[in-house]
Amino acid sequence: MATVKSGKLSQKATIKKIMKRCSSLGKRSGGGGGGYDSGGEGRPPLDVPKGHFAVYVGENRSRYIVPISILNRPEFLTLLQRAEEEYGFDHDMGLTIPCPEEVFESLTCMFR
C-alpha cells in the first residue's frame with residue numbers, strides 16, 4: 001500500500017513542478033523562453049489558449065500546444081518523468097519532451 005501512495009505523491013509533485021514551470025514560461029521577457037513568444041509581462045503567449053500549454057518535441061524541437069487535461073494520462077506522465085531526468089525543469093528551453101515527433105503525435109492522438 002505505501003508504494004502506491006508514494007507513487008501518487010511523486011506524480012502529484014511532478015505535476016505541480018510542471019504546472020509551475022509551464023505558468024512561468026509566459027512570464028519571461030526578452031525572448032529567453034526558448035522561442036516562447038510572451039503575450040506581455042505576466043501573461044502567457046497569445047497563441048496558447050487557456051487550459052493549454054506548449055511543449056517542444058523531437059530533434060527539431062517542434063512546438064505543440066496540448067491541453068492541461070493530458071497531465072492526468074499515465075503515458076504523458078512517463079514522458080514528463082523522462083524529460084525531467086534528461087533535461088530537468090530548470091532551464092530556458094521550454095518544456096522539452098525527449099521523444100520522436102511521430103511517437104508523440106501518435107500518443108496524443110489517442111487522447112482526443
Pairwise side-chain contact, Ile70 with Thr108, heavy-atom cut-off 4.5 Å (strictly under): yes
Transitive ILVMFWY side-chain link Ile68 to Phe104, under 4.5 Å: yes
Pair listing, salt bridge (charged side-chain N to carboxylate O under 4.0 Å, His left out) test, anchored in residues 65-76, at least two apart: Arg73-Glu75
Where Val57 and Cys99 come nearest, the two heavy atoms and their spacing: CG1-O, 3.2 Å
Distance, nearest 0.5 Å, that separates CZ of Arg63 from CZ of Arg61: 10.5 Å
Which residues share a salt bridge (Lys or Arg N to Asp or Glu O under 4.0 Å) with Glu101, sequence neighbours left out: none
Contacts of type side chain to side chain contact (heavy atoms under 4.5 Å, CB included), residue Pro67, not counting sequence neighbours: His52, Ser69
Sequence-distant partners of Phe76, ring pair (Phe, Tyr, Trp, His ring centres under 6.0 Å), two or more places apart: none
Minimum side-chain heavy-atom gap Phe53-Val66 below 4.5 Å: yes
Gap separating the OH atom of Tyr64 from the CG atom of Leu95, nearest 0.5 angstrom: 14.0 Å
From CD (Glu102) to CG (Leu107), nearest 0.5 Å: 13.0 Å
Contact check, side chains of Tyr56 and Ser62, non-hydrogen atoms, under 4.5 Å: no
Heavy-atom check, side chain of Leu80 versus side chain of Leu71, under 4.5 Å: yes
Side chain to side chain, Ile97 and Glu86, heavy atoms closer than 4.5 Å: no
